[in-house]
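A note on names: the letters A, B, ... follow the listed sequences, proteins ahead of strands, and every chain is numbered from 1.
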Amino acid sequence: MKFLALVDCDNFYASCERVFRPDLKEVPIVVLSNNDGCVIARSKEAKAMGIKMGVPWFQVKEAYLSQGGKVFSSNFALYGDLSKRVMNILDGMVKRIEIYSIDEAFLDLEHISNLDHAHEFGIYCRNIIKQWVGIPVRIGIAPTKTLTKVASHIAKKKNGDAGVFCLSNQGHIAHILKALPIREVWGIGHNLSKHLNQLGIYSAYELMKTDIRFIRKKFGVVLERTVRELRGESCIQIEDKIEPKKQIVVSRSFKERIDSLESLKPLISNFAVRAGEKLRHEKQKCSKVSIFISTSRFNKQLHHRGFNTFHFPYPVDDTRSILMGADRALNIIFKKGYPYAKAGVLLSQFSHPTFIQHSLFDSKSQDQLKQDTNLMQAIDALNSSQTQIYYASQLSLGESPIQKKMVSPRYTTNWWELPTTK
DNA sequence: TCTGGGGTCCTAGGACCC
DNA sequence: TCTGGGGTCCTAGGACCC
């Protein structure tokens with residue numbers, strides 16, 4: 001039998017905050033989104049206090065803090081670095097690994113054919129990661145990706161267990177799926193689960209037993225794959241090659257509402273500059289830049305969402321072009337009198353930079369294009385060091401519209417913020 | 001008063017062509 | 001000018017994920 005494993009870090013952001021703060025062992029921890037808006041991670045203790053995922057911070061703040069809970073703004077420099085360390089360890093243990101998200105990876109256990117050995121391997125992995133990085137993980141082992149997700153879900157529920165759960169024989173799988181609501185199945189979100197419930201399908205077991213042609217006809221190929229995977233038929237492969245991105249998004253909610261074009265422009269410029277950096281980092285060029293702006297979802301009276309795309313005549317990776325396109329698109333969608341709460345820049349339709357399609361009307365010579373590339377490289381190099389340089393249209397330093405009041409030190413990625421001992 | 005950010009895939013429908 | 005089917009390409013929108 002062939003096994004896959006899903007390695008999933010427990011309460012990842014909260015666990016990261018704990019790595020350099022042993023004093024916070026067993027203390028409730030929550031981590032907040034940008035602007036300290038809502039809760040995006042909770043430690044086991046915070047969950048036990050009834051703090052829900054995604055809940056607005058202001059709603060729970062008082063009660064939570066008064067009970068001794070600890071809170072952090074998100075510190076992605078730290079989380080990203082600790083994630084890399086975990087993934088590096090896993091990468092050294094198997095031939096094929098798919099890093100699925102910042103805190104999850106699928107492993108191909110092709111070297112293991114025996115269930116007991118798979119279980120032992122899981123425990124070994126878990127101990128090594130705990131010892132070397134300090135992050136607790138749980139591991140689900142099963143014949144398909146969807147079933148490893150189920151196994152990992154069970155491992156989470158079974159507190160005090162080894163944190164490793166294997167799911168292999170049909171009888172055992174059926175038994176587990178009977179007690180699993182479809183909403184918990186990977187690939188079944190809020191809408192699908194409502195729809196399926198209306199058809200009388202509530203448990204993962206009932207879904208698994210539903211006629212596959214009916215599923216395909218009524219819901220399409222995506223759900224069909226899920227059902228097959230629940231039956232133990234592997235349909236979703238491990239993607240161990242890193243595919244180039246197909247789009248890049250930079251977006252933020254604002255601390256305060258913005259209703260003037262003059263205030264919005266520098267913010268959009270900031271997003272566009274950041275998007276350009278990401279694009280060059282990916283070694284891509286884009287043919288489209290889109291801008292979106294929207295009022296708060298919760299403001300029912302003054303509601304407006306704008307979206308517009310600027311098409312470049314040929315693929316670009318030059319920030320100055322992106323800024324120009326972004327500005328044009330923004331001018332088209334902006335409407336006066338609306339309190340905008342969020343905006344973003346989206347780059348898409350990528351092509352590799354060595355592929356240069358010349359425009360009929362483009363008069364730039366090879367030398368000029370080369371100069372542009374050099375300029376961008378120079379700016380990127382400066383900005384990744386201590387020095388920062390800005391485009392005129394960007395917001396000046398010190399006026400960051402994003403609020404982060406309770407961020408922890410970047411212990412592992414910044415020389416000035418290394419942990420110290422007394 | 002205050003409600004995240006960054007992705008992917010699939011499908012339906014329109015434009016255009018023969 | 002109208003008639004008709006079928007194919008491709010593109011886009012917007014909806015669903016999902018962490």
Side-chain angles (χ1 to χ4, degrees), chain A residues 6-13 30-42 51-62 72-76 79-80 83 98-106 145-146 149 152-153 182-196 216-226 235-237 239 242-257 271 274-275 278-279 282 287-288 290 292 294-300 305-309 311 339 341-350 401-405:
Chain A
L6 172 67
V7 180
D8 192 342
C9 301
D10 288 336
N11 318 318
F12 184 55
Y13 300 163
V30 300
V31 177
L32 305 180
S33 62
N34 269 323
N35 291 323
D36 299 334
C38 51
V39 173
I40 56 171
R42 310 102 79 213
I51 306 291
K52 299 271 181 260
M53 182 68 174
V55 72
W57 173 232
F58 72 91
Q59 285 178 7
V60 295
K61 180 177 177 180
E62 213 168 308
F72 292 93
S73 304
S74 43
N75 179 354
F76 287 103
Y79 312 151
S83 168
E98 173 183 346
I99 297 171
Y100 179 67
S101 73
I102 194 165
D103 69 339
E104 279 174 70
F106 289 104
K145 273 186 170 179
T146 305
K149 280 275 188 183
S152 152
H153 182 82
I182 45 171
R183 184 61 182 80
E184 305 294 335
V185 175
W186 188 46
I188 300 185
H190 174 248
N191 282 288
L192 266 177
S193 88
K194 245 175 48 186
H195 205 145
L196 287 163
R216 164 126 202 189
K217 202 165 157 229
K218 189 111 181 156
F219 297 95
V221 295
V222 180
L223 191 63
E224 180 190 352
R225 272 201 289 264
T226 299
C235 303
I236 309 174
Q237 305 311 315
E239 309 281 348
I242 298 168
E243 292 291 315
K245 284 190 173 39
K246 291 166 184 167
Q247 60 176 43
I248 286 170
V249 180
V250 178
S251 77
R252 293 286 183 280
S253 300
F254 309 138
K255 186 173 55 183
E256 283 153 359
R257 302 295 170 253
F271 299 164
R274 181 74 195 103
K278 285 187 177 185
L279 182 69
E282 287 282 314
S287 293
K288 298 200 294 192
S290 310
F292 54 90
S294 68
T295 53
S296 166
R297 294 183 279 148
F298 304 95
N299 185 340
K300 301 290 181 212
R305 287 168 67 175
F307 184 88
N308 187 264
T309 301
H311 297 247
K342 180 177 179 170
V345 171
L346 188 157
L347 305 180
S348 56
Q349 213 169 71
F350 293 167
I402 311 299
Q403 180 174 306
K404 268 193 180 184
K405 284 190 177 157

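- Residue A:Lys245 places none of its side-chain N or O atoms closer than 4.0 Å to OP1 or OP2 of B:dG6.
- If you check every strand for non-hydrogen atoms under 4.0 Å, A:Glu239 touches nothing.
- If you check every strand for non-hydrogen atoms under 4.0 Å, A:Trp186 touches sugar and phosphate atoms only.
- Nearest approach of A:Ile40 to A:Ser74, heavy atoms of both residues: CD1-CB, 4.4 Å.
- When the nearest nucleotides of DNA chain B are assigned to A:Ile248 and A:Phe58 by heavy-atom distance, the more 5′-ward of the two goes with A:Phe58.
- The partner of B:dC18, taking Watson-Crick or G-U wobble pairs whose two distances both stay under 3.5 Å, is C:dG5.
- For A:Arg252 and B:dG6, the shortest distance from a side-chain N or O to OP1 or OP2 is below 4.0 Å.
- Residue A:Arg274 places none of its side-chain N or O atoms closer than 4.0 Å to OP1 or OP2 of B:dG6.
- Backbone-only contact: A:Val185 has heavy atoms under 4.0 Å from sugar-phosphate atoms and none from a base.
- Shown are A:Asn75, A:Ile102, A:Val30; of these, the side chain to side chain contact (heavy atoms under 4.5 Å, CB included) with A:Tyr13 is made only by A:Ile102.
- Of the two residues near DNA chain B, A:Gly220 and A:Arg257, the one whose nearest nucleotide lies more 5' is A:Arg257.
- Checking B:dT8, C:dC16, C:dT11 against the side-chain heavy atoms of A:Gln247 singles out B:dT8 as nearest.
- The A:Lys246 side chain lies nearest to B:dC9 when the options are B:dC9, C:dA15, B:dG7.
- Side-chain proximity of A:Val221 to C:dC16, B:dC10, B:dG4: nearest is B:dC10.
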